[in-house]
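All remarks here apply to the structure that follows.
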2 protein chains.
Amino acid sequence: MAQRGQSDAAGRTPRAPAENAAEITTPMPTINGNGLRDRARAIPEAAVARLAVYLRVLSGMREQGVASVSSEELSGAAGVNSAKLRKDLSYIGSYGTRGVGYEVEVLVDQIERVLGLTREQSVAVVGIGNLGHALANYGGFPGRGFPVTALFDVDPDLMGVPVGGIPVDHIDDIPKVCAAREVTIGVIATPPPAAQAVCDRLVQAGVECILNFAPVVLQVPETVEVRKVDLAVELQILSFHVARRADHAPDADATPAQRVNGNAPNGVVVRR
Amino acid sequence: MAQRGQSDAAGRTPRAPAENAAEITTPMPTINGNGLRDRARAIPEAAVARLAVYLRVLSGMREQGVASVSSEELSGAAGVNSAKLRKDLSYIGSYGTRGVGYEVEVLVDQIERVLGLTREQSVAVVGIGNLGHALANYGGFPGRGFPVTALFDVDPDLMGVPVGGIPVDHIDDIPKVCAAREVTIGVIATPPPAAQAVCDRLVQAGVECILNFAPVVLQVPETVEVRKVDLAVELQILSFHVARRADHAPDADATPAQRVNGNAPNGVVVRR
DNA sequence: AGCCGCTTGTGAACGCAGGCACAAAGTCGC
DNA sequence: GCGACTTTGTGCCTGCGTTCACAAGCGGCT
């Protein structure tokens, strides 16, 4: 993304599944051609998204006392094909043991390192509606993760009211508060009309990574990374598939078998 | 993405047991102009996601009385490159006038047709927490869109209570209620442990498209389309970019806020 | 100690998606 | 009515991401 989703969305994605993000204006000034100091950049965005999934699965395994795992097992649990999993893992280094598999602990540590989860990322949520509430309460994740340290809204009634333990500030204070709390990631959960103004303030505050839930195309400087999650778009994509299915239904040839072919490890099938 | 991811995430993008990726694979590159039905299959998923964005932008334009638009204008507003936009539009047919541009009205209609928005998709939301509330109140979107016609939870206190105008039912009634209300899209907004069970019930109810917000890899039959939106994954992807950025920047150790402020690009705001 | 089988890591092929650039096509002005 | 200008639609080329297939490496078994 995707956001790309998801996508992606991914947003993005690609940049993400749904690829998205930084295309905006600027005709790709990316002098990226150097390809030199790209050690980190060498990891494709799609792979990064999957690494996050692997991390979640691995965390679950660790909690259940699983010490070691093979690419086959892990890929099955993550819903990808094992070759892709191995390639993804190879982007971050060689931490497996041939003939044996991977040590869960090691993999967790390494993925966390690559994803930058070793140092906590401070998150600000702007727009404390239903969605903002949900995000504010999200708190810790699979493992620990992203402490929400600042909340903003325009509603006077919300000012100072703690939500999920954090008091709400006015969006005019975004620059000040974000700087003070070293916010690195901003989340926009406002109504569409307010999104761009909020985004501008976040950028002004030095935030370089933004997760946007508002159905608007944000305009940002090239240095800022934006991922978007658009519920309407997600629904419309699904709607497209429904339509396609309906159109195709009369002569429904038992669905494209090739698509899940190599992926679904044996059992993936229909539970229940 | 899916990608998504959206998927990007995508980002990407997302596919349940599998991932996402190039599906649909229709051999023929599609000749437009006729063959109304088979062309839908040839549209790449990434393009579908963008079409949804174009639709939103176009709806806004229509509301402001804009009658006609060029690929350059529209692509600018949608944040993509104009060639890509034209190619995307070409997937659905030739509705532009050379030398002039596209008629907004026509484009809106055609995109809605392709996305299957002409017949309304009935949506069920499962898990009425903060996120579920947000979704239930989402109501209509850009234009009209996806009527939420059913809500489910396990909490006895919620049973029968109307949220956004729709009463909440127990998840055990999913098959019955979904069938009765002809639900075509299911949205899972439950805690992770409940997600798979809910998913199974939705599938059992005949729902073939699922939007999953729970951080779990759902196991579904191949006939079911799943898109996932994982907030943790989105944040981790952003975190990755923060980390990458820090590695790249020689003056890495300053406080994040200070550092980024220093990097603040000249024209902070690009704005439409 | 040496062999065997298992699993990783990766080079190479393949296929899709993106971008460029141009021919086709239609409009406007004269 | 004709020519020049504008913008679409698309063929081709490039690059990325996925998949395949296999050699390399490691542990266990005899």
Side-chain angles (χ1 to χ4, degrees), chain A residues 1-2 4 7-8 12-20 23 27-28 30 32-33 35 38 41-50 68-75 80-103 106-107 258-263, chain B residues 1 3 5 7-8 10-13 15 18-27 29-33 42-50 68-75 80-103 106-107:
Chain A
M1 22 148 158
R4 234 245 154 40
S7 29
D8 179 305
R12 153 237 207 209
T13 148
R15 282 202 74 227
E19 125 290 324
N20 66 25
E23 54 297 50
M28 193 61 170
T30 0
N32 235 348
D38 287 327
R41 178 47 170 134
I43 305 179
E45 183 112 347
V48 173
R50 286 190 298 267
S68 154
V69 66
S70 72
S71 65
E72 207 66 43
E73 293 172 298
L74 184 52
S75 66
V80 303
N81 120 359
S82 70
K84 196 191 289 187
L85 176 126
R86 286 199 299 277
K87 177 143 282 187
D88 287 344
L89 291 181
S90 77
Y91 288 128
I92 66 174
S94 295
Y95 300 105
T97 307
R98 297 176 188 228
V100 178
Y102 302 88
E103 226 174 303
V106 172
L107 233 42
Q258 53 185 111
R259 86 190 315 195
V260 238
N261 209 354
N263 292 341
Chain B
M1 287 294 208
Q3 335 301 103
S7 145
D8 85 250
R12 301 85 160 58
T13 336
R15 167 78 192 132
E19 175 78 352
N20 91 356
E23 39 260 276
I24 312 179
T25 35
T26 307
T30 305
I31 297 289
N32 301 326
I43 305 179
E45 184 113 350
V48 173
R50 285 189 299 269
S68 155
V69 66
S70 72
S71 65
E72 207 65 45
E73 294 171 298
L74 183 52
S75 66
V80 303
N81 134 346
S82 71
K84 197 191 290 187
L85 176 125
R86 287 198 299 276
K87 181 155 284 190
D88 287 344
L89 291 182
S90 78
Y91 288 129
I92 68 174
S94 296
Y95 300 105
T97 306
R98 296 173 189 231
V100 179
Y102 302 88
E103 226 175 303
V106 172
L107 233 41

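Sequence lines set the chain letters: A, B, ... in the order given, protein chains first and strands last, and positions in each chain run from 1. In this text the structure is predicted, and so the values were computed from the model without any measurement.
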Quiz prompt | Rounded interatomic separation in angstrom, taking CD1 from B/Ile92 and C1' from D/dT8 | solution = 14 Å

Any protein N or O atoms within reach of nucleotides 28-30 of chain C? Criterion: under 3.5 Å, listing atom names and distances.
none

Quiz item: Between OH of B/Tyr102 and CG of B/Leu89, what distance do you get to the nearest 0.5 Å?
Solution: 5.0 Å

Practice problem: Compare every heavy atom of A/Ser82 with every heavy atom of A/Ser71, then report the nearest pair and how far apart it is. | Solution: O-CB, 4.0 Å

Practice problem: Could you check how far CG of B/Asp88 sits from C1' of D/dT10, rounded to whole Å? | Solution: 13 Å

Quiz item: Closer to the 5' end of DNA chain D via nearest nucleotide, is it A/Ala47 or A/Gly99?
Solution: A/Ala47

Exercise. Mind calculating the distance between NZ (A/Lys84) and P (D/dC20) to the nearest angstrom?
Key: 11 Å

Between protein and nucleic acid, restricted to nucleotides 9-11 of chain C and to nitrogen or oxygen atoms under 3.5 Å apart, what atom pairs and distances do you find?
from	atom 1	to	atom 2	distance (Å)
C/dG9	OP1	A/Tyr95	N	3.4
C/dG9	OP1	A/Gly96	N	2.9
C/dG9	OP2	A/Tyr102	OH	2.6
C/dG9	O4'	A/Arg98	NH2	3.1
C/dG9	N7	A/Arg86	NE	2.9
C/dG9	O6	A/Arg86	NH2	3.2
C/dG11	O6	A/Lys87	NZ	3.4

Quiz item: Below 4.0 angstrom from OP1 or OP2 of C/dT7, is there any side-chain N or O of A/Ser70?
Solution: no

Practice problem: Over all heavy atoms of both residues, which pair between A/Val69 and A/Leu74 is shortest? Give the atoms and the distance, please. | Solution: CG2-N, 3.8 Å

Quiz item: How long is the gap from CZ on A/Arg86 to CG on A/Asn81, to the nearest 0.5 Å?
Solution: 8.0 Å

Quiz prompt | Residue list, side-chain contact (heavy atoms from CB on, under 4.5 Å) with B/Ser70, at least two apart or on another chain | solution = B/Glu72, B/Glu73

Quiz item: How far does the helix from C/dA1-D/dT30 to C/dC30-D/dG1 bend, going by the axes of its first and last five pairs, to the nearest 10°?
Solution: 0°

Exercise. State the CD1-CG distance between A/Ile92 and A/Leu107, to the nearest 0.5 angstrom.
Key: 6.0 Å

Quiz item: A/Ser90: what forms a side-chain contact (heavy atoms from CB on, under 4.5 Å) with it, not counting sequence neighbours?
Solution: A/Lys87

Practice problem: Find the distance A/Asn81:CG to D/dA21:C1' and express it as a whole number of Å. | Solution: 12 Å

Self-check item: Nearest-angstrom distance from the residue atom CD1 of A/Ile43 to P of D/dT18
Solution: 13 Å

Exercise. Would you mind reading off the distance between A/Glu73 atom CD and C/dC6 atom C1', rounded to a whole angstrom?
Key: 13 Å

Exercise. Rounded to the nearest angstrom, tell me the gap between atom CG in B/Leu85 and atom C1' in C/dA17.
Key: 15 Å

